[in-house]
Visitor: 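Would you mind keeping the following structure in view while I ask a few things?
Here the structure is a predicted model, which means the values were calculated and not measured.
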Amino acid sequence: MAHFLRWYSRVLNTHPWKTQLLTTGFLMGSSDVIAQTAIERKAVKQVEPLRIGRFAFLGTFFVAPVLRTWYNILEKTITTVGKTVGLRKMLLDQMFFSPCFLGCFLAVSGLLQLQPWPIIKAKINEEYFKVLKTNYMLWPAAQLITFYVIPLQYRIIFVSFVALLWNTYLASQANRNYSAPTVQDI
């Protein structure tokens with residue numbers, strides 16, 4: 001494990017942007033494999049490669065760039081040091097970023113599934129608050145641990161493993177089947 005951490009740190013220092021994009025895409029694709037096999041109980045032959053690719057694409061080209069931008073904004077906004085820095089970052093993240101990001105995530109996921117907007121809207125209306133509530137049960141504690149306990153060089157890996165669990169949940173929610181709304185619903 002120590003060898004892997006040294007290698008990952010070296011690659012991250014050499015190519016931070018590419019490494020973050022590829023790591024996020026790989027972990028989100030892996031999360032969908034776990035969601036399909038462990039949560040949805042699909043046999044290996046029933047696993048949908050296109051769905052895995054879609055979720056990996058979502059991680060690489062939507063989640064990673066948005067998160068990287070947000071974390072850079074947090075670093076520039078909260079520049080002071082002290083005992084409350086991690087708490088303030090976590091509160092800003094959970095009060096402002098998470099509610100917006102989760103709605104956008106559900107919308108972009110639906111668009112990548114080529115669903116029509118009424119279906120996406122119905123899915124957001126049905127799932128948004130459930131997903132946000134679940135977010136609040138995991139991420140505030142995970143981020144406090146990240147900012148206060150995990151040494152800087154290991155934070156990305158720690159958050160990546162927490163995200164593996166979270167993205168498994170998101171994959172199961174984002175890929176749930178929804179029936180098309182009736183004309184009355186639209």
Visitor: Going through the checks in order, is the side chain to side chain contact (heavy atoms under 4.5 Å, CB included) test met by Ile145 and Phe158?
Guide: CA-CA 9 Å; Ile145 292 168; Phe158 174 75; 3.6 Å; yes
Visitor: Can you check side chain to side chain contact (heavy atoms under 4.5 Å, CB included) on Trp166 and Asn135, steps first, answer last?
Guide: CA-CA 8 Å; Trp166 173 247; Asn135 170 82; 3.6 Å; yes
Visitor: With side chain to side chain donor-acceptor pair (under 3.5 Å) as the test, would you mind laying out the steps for Thr24 and Gln20 before giving the verdict?
Guide: CA-CA 6 Å; Thr24 304; Gln20 290 171 342; over 6 Å; no
Visitor: Within this structure, what is the NZ-CD distance for the pair Lys123 and Gln113, rounded to the nearest 0.5 Å?
Guide: 4.0 Å
Visitor: Are the side chains of Arg68 and Pro16 in contact, using a 4.5 Å heavy-atom criterion?
Guide: yes
Visitor: Membership question, hydrophobic clusters at under 4.5 Å side-chain separation (ILVMFWY): are Ile52 and Val63 in the same one?
Guide: no
Visitor: Indicate if Leu67 and Leu58 have the same hydrophobic cluster label, given that clusters are the connected sets of ILVMFWY residues with side-chain heavy-atom separations under 4.5 angstrom.
Guide: yes
Visitor: Show, in sequence, the C-alpha distance, side-chain angles and deciding distance for Glu127 and Lys130, and conclude whether the side chain to side chain contact (heavy atoms under 4.5 Å, CB included) test is met.
Guide: CA-CA 5 Å; Glu127 293 296 323; Lys130 179 181 175 186; 3.8 Å; yes
Visitor: Please round to the nearest 0.5 Å and tell me the distance separating atom SG of Cys100 and atom CG of Leu132.
Guide: 11.5 Å
Visitor: Compare every heavy atom of Thr168 with every heavy atom of Leu164, then report the nearest pair and how far apart it is.
Guide: O-OG1, 2.8 Å
Visitor: Is the shortest heavy-atom distance from the side chain of Ile34 to the side chain of Ile39 under 4.5 Å?
Guide: no
Visitor: Given 3.5 Å as the limit, does a donor-acceptor pair link the side chain of Asn13 with the main chain of Ser9, or not?
Guide: yes
Visitor: A side-chain contact here means heavy atoms from C-beta on lying under 4.5 Å apart; do Asp93 and Trp139 qualify?
Guide: no
Visitor: To the nearest 0.5 Å, tell me how far Leu74 CG sits from Phe96 CZ.
Guide: 11.0 Å
Visitor: CG/Leu114 to CG/Leu112 distance, rounded to the nearest 0.5 angstrom?
Guide: 8.0 Å
Visitor: Taking all heavy atoms of Tyr136 and all of Gln94, pick out the closest pair and write down the distance.
Guide: OH-O, 2.7 Å
Visitor: Just verifying a value: how many Å separate Ser98 OG and Met90 CE, rounded to the nearest 0.5 Å?
Guide: 10.0 Å
Visitor: Please report the C-alpha distance between Tyr169 and Val131 in whole Å, then the side-chain angles of each, then the deciding distance to 0.1 Å, and finally whether the side chain to side chain contact (heavy atoms under 4.5 Å, CB included) criterion is met.
Guide: CA-CA 9 Å; Tyr169 168 76; Val131 172; 3.9 Å; yes
Visitor: Shortest non-hydrogen contact from Phe55 to Met28?
Guide: CD2-O, 3.0 Å
Visitor: Does a salt bridge link Glu40 with Arg51, judged by any charged N lying under 4.0 Å from a carboxylate O?
Guide: yes
Visitor: Do Val159 and Leu138 land in one hydrophobic cluster if side-chain heavy atoms of ILVMFWY residues count as linked below 4.5 Å?
Guide: yes
Visitor: Hey, what's the ring geometry for Phe101 with Phe62, parallel, tilted or perpendicular (30° and 60° as the breaks)?
Guide: parallel
Visitor: So does Phe26 have more than 12 non-hydrogen atoms from other groups sitting under 6.0 Å from CZ?
Guide: no
Visitor: Taking the side chain as every heavy atom from C-beta outward, state whether Leu21 and Phe61 have any pair of such atoms under 4.5 Å apart.
Guide: no
Visitor: Do Lys42 and Glu48 make a side-chain contact, defined as non-hydrogen atoms from C-beta onward lying under 4.5 Å apart?
Guide: yes
Visitor: State plainly whether the residues Glu75 and Lys89 are in salt-bridge range, i.e. N to O under 4.0 Å.
Guide: yes
Visitor: Can you find a pair of side-chain heavy atoms, one from Pro99 and one from Tyr128, that are under 4.5 Å apart?
Guide: yes
Visitor: Looking only at heavy atoms, which two atoms of Gly25 and Thr60 are closest? And how far apart?
Guide: CA-OG1, 3.1 Å
Visitor: On a heavy-atom basis, which atom in Thr77 and which in Ile73 lie closest, and how many Å separate them?
Guide: OG1-O, 2.6 Å
Visitor: Heavy-atom distance under 4.5 Å between the side chains of Tyr148 and Leu87, does that happen here?
Guide: yes
Visitor: What's the spacing between Ser31 OG and Leu165 CG if we round to 0.5 Å?
Guide: 8.0 Å
Visitor: Hydrophobic cluster membership, with links at side-chain heavy-atom distances under 4.5 Å among I/L/V/M/F/W/Y: are Met137 and Val162 in one?
Guide: no
Visitor: Any link between Val47 and Leu27 through a network of hydrophobic side chains (Ile, Leu, Val, Met, Phe, Trp, Tyr) touching at under 4.5 Å?
Guide: no
Visitor: If you apply the rule side chain to side chain donor-acceptor pair (under 3.5 Å), what do you find for Tyr8 with Thr19, and how did you get there?
Guide: CA-CA 9 Å; Tyr8 188 82; Thr19 303; over 6 Å; no
